[in-house]
Colleague: 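Shown below is the structure under consideration.
Order of the sequence lines fixes the chain letters, A, B, ..., with proteins taken first and strands second; residue numbering starts at 1 for each chain. Remember, predicted model here, so these are calculated numbers, not experimental data.
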There are 4 protein chains.
Amino acid sequence: MKSFASDNYSGAAPEIMQAIIEANCEHQPSYGNDSYTAQAQELLKATFGHQSESFFVYNGTAANSVALKAIVRSHHAILCSSTAHIATQEVGAVNNLTGCQTFIIPHENGKISAAAVQAAYNKATYWGHHGNLPKIVSVAQTTELGTVYSFDELRAISKVCRDNELIFHMDGCRLSNAAAFLNCSLVEVTRDVGVDVLSFGGTKNGLLFGEAIIFFKPELAKEFAYIHKQNLQLNSKMRFLSAQFIPYLRDKLWHRYAEHANQMCQRLTTGLLELEGVKLAYPQQSNQVFVYLPEKIIQATQNTYPFYLWDKEKKLARLVASFDTTIDDVDTFVKLARTA
Amino acid sequence: MKSFASDNYSGAAPEIMQAIIEANCEHQPSYGNDSYTAQAQELLKATFGHQSESFFVYNGTAANSVALKAIVRSHHAILCSSTAHIATQEVGAVNNLTGCQTFIIPHENGKISAAAVQAAYNKATYWGHHGNLPKIVSVAQTTELGTVYSFDELRAISKVCRDNELIFHMDGCRLSNAAAFLNCSLVEVTRDVGVDVLSFGGTKNGLLFGEAIIFFKPELAKEFAYIHKQNLQLNSKMRFLSAQFIPYLRDKLWHRYAEHANQMCQRLTTGLLELEGVKLAYPQQSNQVFVYLPEKIIQATQNTYPFYLWDKEKKLARLVASFDTTIDDVDTFVKLARTA
Amino acid sequence: MKSFASDNYSGAAPEIMQAIIEANCEHQPSYGNDSYTAQAQELLKATFGHQSESFFVYNGTAANSVALKAIVRSHHAILCSSTAHIATQEVGAVNNLTGCQTFIIPHENGKISAAAVQAAYNKATYWGHHGNLPKIVSVAQTTELGTVYSFDELRAISKVCRDNELIFHMDGCRLSNAAAFLNCSLVEVTRDVGVDVLSFGGTKNGLLFGEAIIFFKPELAKEFAYIHKQNLQLNSKMRFLSAQFIPYLRDKLWHRYAEHANQMCQRLTTGLLELEGVKLAYPQQSNQVFVYLPEKIIQATQNTYPFYLWDKEKKLARLVASFDTTIDDVDTFVKLARTA
Amino acid sequence: MKSFASDNYSGAAPEIMQAIIEANCEHQPSYGNDSYTAQAQELLKATFGHQSESFFVYNGTAANSVALKAIVRSHHAILCSSTAHIATQEVGAVNNLTGCQTFIIPHENGKISAAAVQAAYNKATYWGHHGNLPKIVSVAQTTELGTVYSFDELRAISKVCRDNELIFHMDGCRLSNAAAFLNCSLVEVTRDVGVDVLSFGGTKNGLLFGEAIIFFKPELAKEFAYIHKQNLQLNSKMRFLSAQFIPYLRDKLWHRYAEHANQMCQRLTTGLLELEGVKLAYPQQSNQVFVYLPEKIIQATQNTYPFYLWDKEKKLARLVASFDTTIDDVDTFVKLARTA
């Protein structure tokens, strides 16, 4: 079965699987004291800057909520888009782990603007210590709606953060796709635009499992080894998680897989938009596209290539390409739609 | 100094102070095992029904957040108005104590409708166990904007609760004012319309300190004695808190004080609305009124009778009458405004 | 009824009640922005040093757990005696609010030694970030067993704290009794021996309700206004809490009440120890004494002057004198015991 | 490198790796809706009883703390041995996630007795709702000291649980080794002796990563899907976690690997005890043994086959055999020790 349901439906890329197999040799120290983890962390430093401190975690919910737990205290607030995964799709893990409130900011195409962040900050602080103190601005890059923040948009948000003593967090579960779209390096779209802490995705882009948390300011990572373990993220046989990041970074697999998925999504979008009744909901800028589909197209395609309806009433479909989506997959899907 | 800033600016009513003085006799068992607490709890049963279980707490934030902590678990969600005190004015105490998310429902004049609750429930449960499970609907009666839910409005919300296995919580920090407005008893506007758990206010209506939590279903109060103490609400010399509720309930002081404050607010509203440029923001139905005031009226009154601007830019003022607001206070304020 | 059950069985001292009555004049700003609170906080600065920052809270459990919540994060540990109120009598409020573990240290007469603290620290840190990082040492002065740490004992613990980057917390719910016993000022037995944060008791020594948290290092109080309110301690009509501290500190009522209660306890102890079969469990140094009583003495006294058995099998009784215990109370009790 | 440091130093067993490789085929629904997970859950039902409900989690800390979070509320207490991993080696994850206290019970050879549990319960409940209410008894099977509870010992603890309305939790991170030692099935040493909830280990016995939580009473698993995801345990590409359990259970690899590791540990123990100065600390009953070693033996072996000293001063070593420990490894280690 192939699908356009999620980049989590795909498996592990062959290079990643090979790295795991190779790491399975004799004994290695547990809990991250092994040579694979050391090598992967060095590659993360080479990728994100030598000031950065990185930690491997199991999944995206953990990458977001444990990174934020390291920074906030329960009387703080986290400002994010109404579409934010942390606010809508993680059973409130960040609220539960931190005790904080999330303050929702209206979005445009999944993106929050610097002005909207400032307005939310102003409103939140109107009554002083009777409300939570905003401490974090969190954006998803790419957004949950498949769009990509521009450099200017990110720099403007970063400025609001600095002006108001806010920490800038990026949920980068699909960061690779954004960097491929922007044709930039990973550090250019994170540290260089003022991001303080990053949830760096892996699983959605060909890894078997695993994400990383990157602190760009070492002081944010103080005592994080304790927080990491307390929050259930210290893999005992850590090498199997970290080893995946070696080819992923060293051989720039992150870029190759993401670029490919983006291209497949673009091809799919182009094909579908030629069909009557298909309407784009948001700009297609990554490996996810949201389109309104006529009922007969849904019927004609969904059994062969499953996908999710984001809004059943409005027939709003999300279509996601993966590292392993082929031109044939795309063209078959479009053909099924065309002949519906 | 007298003010229209808050019913928390007033002190303790004379009958309440007298009850405290009388309770200060020799020794009494601590932690609520005293005769005053027993008598006050009996009066609460007489007031709210013999099935009800009640506990005294220190303040309104505690009444709301500890009551809800008793019921929810961290994967649940609490549905409430965007104006809700629990969501905006309590430093997220309920989020911190419970780990839950609060899901914000749009309001009209501070009130949420049954339809809006149902829509929020539907949206929240769209992705199943990827989002928090709604468990509580919380309404404030009176609302934070001084308006009062009608019986029909409350019954409709109660029906949505029953249809979706939701618990109905009422933040009744100014419940007495609502009951006075509706000309009903306290049980008629709570248990009888389907409320499951109530935060019953005292401090804002003439008490020196103290509120009560009323569980209308005894099973919701299971093990609450532990929760009560763990969450910092077990007063060691409990008699001084509980004794205040004896005249408050026995002599229906709650009604006398609230009725008076409501009338003073109505007189104030009537007087102000006769002035040019004064505009009502929401219906005046209790002891709070929100009015847009011309700048010169603000200047002419605020130093003599302080009050808060809810929105500085829009010159939206909140004016609150208390149990001890006098006709003279009201008339002097209106005169100052008129001659501004 | 008079009792030797608890200093929480007594009511409010007359000077305290008078202060409350006087504070009940017209309107005052709420939430601590009133003139009484300002005056009380000045007196706390005069008492505990001008660097100190103080906040009023409702009860002892709050004083301990909210003070500690301000300092620790969930991966920290709190070291305390196995008799510590925070570990045994507060339904784990501090564990719940902070997420921390409490590590129990063996005691002698209710006191932990500097050496025992160091040993506990060493054990806790043996496996590095696989266990909670010790952050707090908490001692009760007086202890839960009625004994009093000497200056040397406190200085030795303070040194272990400084050597290991630990914060020194004192649960001073009966600090006044300790200072009276040691014949010293309140600051001499706290700040001057290295205490960083203090829970300063009031209720057990004649107040109607209320305690204070004193941070001796201002940086520990950073953002505490938010923490204070979030953790349910911001009294709306704050003046009624804070006003009690004005005569308490200004007129040194804390010392007069505590000295009196200590003396009554000493007289009681002396009287009882003359009787056959009565045995002292721990040194009598404050207003609490623990004695093993023959069954017939228990039978002869407990109905007239209630008290608690700390261990029913061993017939270990705790007897507590209050600010309002009279010589007649003591002598009557001893007489009942003697003629048993 | 081979070691006796930890069963976490070994990699993944070949059959397990093969299962992962086979699961890496095309697309599968994410978040556990795949066919591998369905098959693995069926095998868990076949293993632990058809009433049981099981969930896959990432590691042992998660298995323990998320299982317990599903059951307790913050005013509860968890009773466990002073050696318990949950109390000493998991950065207080269970305290943080649940807000509960852990009450420590003295152990003998790592085991707590039914009588000690009852005594701890009695002590904890002496003051009623002033202390946490015991709700859980947690035992590790095998214990952290490598010993194994007998059926009688477990049944006796289970009876204390039933008598006092306590839930019986087993930390089974090395349950397979215990079952191999007791020569019984997995259900016989869990459900059949009264265990209510089990953390079932995998990683320490040849899995690449992953454990399972087994609820023997379905009502304990109510709403657990939400708790599972909120607490960071919902693997997006779940098949790679669950697929490992297919051969593990179907082909009884759990038994084969554990039996082998136990035998290697026994051979090692026998060999070492023949040497002068070597002393057994606790009975050798599983794949872990604790021995006091002369300094020269430590020096002669630790570089070639690393292991941990549980107590550096007392030269107490923990030696752990794994599924991949060979007779040659054991004999070489003993030879190094003998010729030291």
Colleague: Of all the residues in residues 19-31 of chain B, which have a heavy atom that comes within less than 4.5 Å of a heavy atom in chain C?
Modeller: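 Near chain C, by residue number: B/Ile20, B/Ile21, B/Asn24, B/Glu26, B/His27, B/Gln28, B/Pro29, B/Ser30, B/Tyr31.
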Colleague: For the side chain of B/Asn96 and the backbone of C/Asn231, is there at least one donor-acceptor N/O pair under 3.5 Å apart?
Modeller: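 Not a single qualifying donor-acceptor pair exists.
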Colleague: Examine distances only and state if a side-chain atom of B/Lys237 and a backbone atom of C/Thr203 form a donor-acceptor pair shorter than 3.5 Å.
Modeller: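 Side chain of B/Lys237 to backbone of C/Thr203, a donor-acceptor pair under 3.5 Å: yes, one is there.
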Colleague: Counting only non-hydrogen atoms closer than 4.5 Å, does C/Met17 touch chain B with its backbone (N, CA, C, O), its side chain (CB onward), both, or neither?
Modeller: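 Just its side chain gets close to chain B.
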Colleague: Looking only at heavy atoms and a cut-off of under 4.5 Å, which of B/Asn59, B/Asp324, B/Leu97 has the most pairs with chain C?
Modeller: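 The candidate making the most pairs under 4.5 Å is B/Asn59.
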Colleague: Please identify, among C/Gln233, C/Glu90, C/Lys2, the residue contributing the most non-hydrogen atom pairs under 4.5 Å to chain B.
Modeller: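 Counting heavy-atom pairs under 4.5 Å, the top option is C/Lys2.
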Colleague: Just so I understand: if I count every heavy-atom pair under 4.5 Å between each of B/Ala93, B/Ser236, B/Ser3, B/Ser10 and chain C, which residue has the most?
Modeller: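 Looking at each option in turn, the highest pair count goes to B/Ser10.
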Colleague: Considering only heavy atoms from C-beta outward, does the side chain of C/Val66 approach that of B/Leu232 to under 4.5 Å?
Modeller: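 Contact flag for C/Val66/B/Leu232 side chains = yes.
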Colleague: When heavy-atom pairs shorter than 4.5 Å are enumerated against chain B, which of C/Asn235, C/Asn8, C/Asn33 gives the highest number?
Modeller: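 It is C/Asn8.
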Colleague: Can you say whether B/Ala62 sits under 4.5 Å from chain C via the side chain, the backbone, both, or neither, judging by heavy atoms?
Modeller: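 Contact with chain C is through both the backbone and side chain of B/Ala62.
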Colleague: For a quick test of reading the model, state the closest non-hydrogen atom pair linking B/Val91 to C/Tyr226 and the distance between them.
Modeller: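 Minimum heavy-atom separation between B/Val91 and C/Tyr226: CG1-O, 3.8 Å.
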Colleague: Counting heavy-atom pairs under 4.5 Å with chain B, which one of C/Phe209, C/Tyr58, C/Phe240 comes out on top?
Modeller: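 Max contact count across the listed options: C/Tyr58.
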Colleague: Of the backbone (N, CA, C, O) and the side chain (C-beta and beyond), which part of C/Asp7 lies under 4.5 Å from a heavy atom of chain B, both, or neither?
Modeller: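 Just the backbone, heavy atoms under 4.5 Å.
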